[in-house]
Engineer: 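This is the structure, below, for whatever I ask next.
Below, all heavy atoms of this structure are taken into account, side chains as well, without hydrogens, waters or symmetry copies. These numbers were taken from a predicted model, which means no experiment stands behind them.
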Amino acid sequence: MVSVPAGNSWGKTGVESKSPVFIVDGSFATRPGLVLVKLDPELTTSYVVALMPTWNYDPWFSRNVWVGASGATDKADGYVNLIDSQGAERYGTDGYLPIKPTHAPAWIGFKVYPGRVEVCVPGMDDPAPMKADWIGEGTPIFLSVFSSAPYESGPTAVAIDEILVGR
């Protein structure tokens with residue numbers, strides 16, 4: 001668990017895989033790589049889960065599939081967004097999924113295919129697709145999960161229960 005009090009910029013603190021969680025190969029076209037991050041909903045307020053092709057101490061500066069999520073606060077509605085922080089790709093026109101959770105989602109799931117990722121979150125009937133042209137055969141996929149305040153200098157907390165990776 002990471003809990004960052006107010007007054008600490010974006011409050012980014014968490015964990016990253018030191019080596020790839022998997023390397024994409026041709027079979028991912030029909031059997032995607034799967035990543036499921038389960039969080040403790042009682043202790044989690046806002047966070048980011050990112051997949052990227054290189055290890056980077058701050059995923060914002062790498063190509064990525066970036067899912068930011070927050071429960072509602074006294075300053076803003078809850079949200080889940082899906083973007084590539086270093087590319088033009090995002091879900092829809094602004095990156096925000098069509099849900100406004102009152103609490104930060106208790107899990108985020110990814111299906112990783114060559115050239116695209118589908119993101120599954122509680123509250124949506126269908127996965128949210130996003131083009132990811134940087135994912136091809138031989139691409140290593142690193143994982144990062146960290147607290148991230150919903151607004152600058154706000155408080156944030158993330159408690160990871162389990163991370164599952166498979167096919």
Engineer: Would you kindly say whether Thr13 and Ser147 are connected by a side-chain donor-acceptor distance under 3.5 Å?
Structural biologist: no
Engineer: Indicate yes or no for a side-chain donor-acceptor contact from Ser62 to the backbone of Pro59 under 3.5 Å, with no hydrogens or angles considered.
Structural biologist: no
Engineer: Is the Phe28 ring parallel, tilted or perpendicular to the Phe22 ring (thresholds 30°, 60°)?
Structural biologist: tilted
Engineer: Would Asp84 and Arg90 pass as an ion pair if we require N to O under 4.0 Å?
Structural biologist: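 Answer for the salt bridge query: no.
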Engineer: Would Glu118 and Arg116 pass as an ion pair if we require N to O under 4.0 Å?
Structural biologist: yes
Engineer: Between the side chain of Ser153 and the main-chain N/O of Gly7, is any donor-acceptor distance below 3.5 Å?
Structural biologist: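 A pair under 3.5 Å: no.
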Engineer: Contact between Phe110 and Leu51 at the side-chain level, heavy atoms closer than 4.5 Å - yes or no?
Structural biologist: yes
Engineer: Do the side-chain N and O atoms of Ser27 and Arg167 include a donor-acceptor pair separated by under 3.5 angstrom?
Structural biologist: yes
Engineer: So, Asn8 side chain and Pro155 main chain: donor-acceptor pair closer than 3.5 Å or not?
Structural biologist: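 Checking the backbone N and O of Pro155 against the side chain of Asn8, no donor-acceptor pair under 3.5 Å is found.
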Engineer: Within a strict 4.5 Å, meaning less than it, do heavy atoms of the Ile135 and Val117 side chains meet?
Structural biologist: yes
Engineer: Would you confirm whether Ser9, through its side chain, and Gly11, through its main-chain N or O, come within 3.5 Å as a donor-acceptor pair?
Structural biologist: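 No, the answer is negative, given that no donor and acceptor are paired below the 3.5 Å cut-off.
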Engineer: Establish, yes or no, whether the cationic atom of Arg31 lies under 6.0 Å from the six-membered ring centre of Tyr113 and within 45° of the ring axis.
Structural biologist: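 No cation-pi geometry.
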Engineer: Please tell me if the side chains of Leu39 and Tyr47 come closer than 4.5 Å, counting only heavy atoms from C-beta onward.
Structural biologist: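 In contact.
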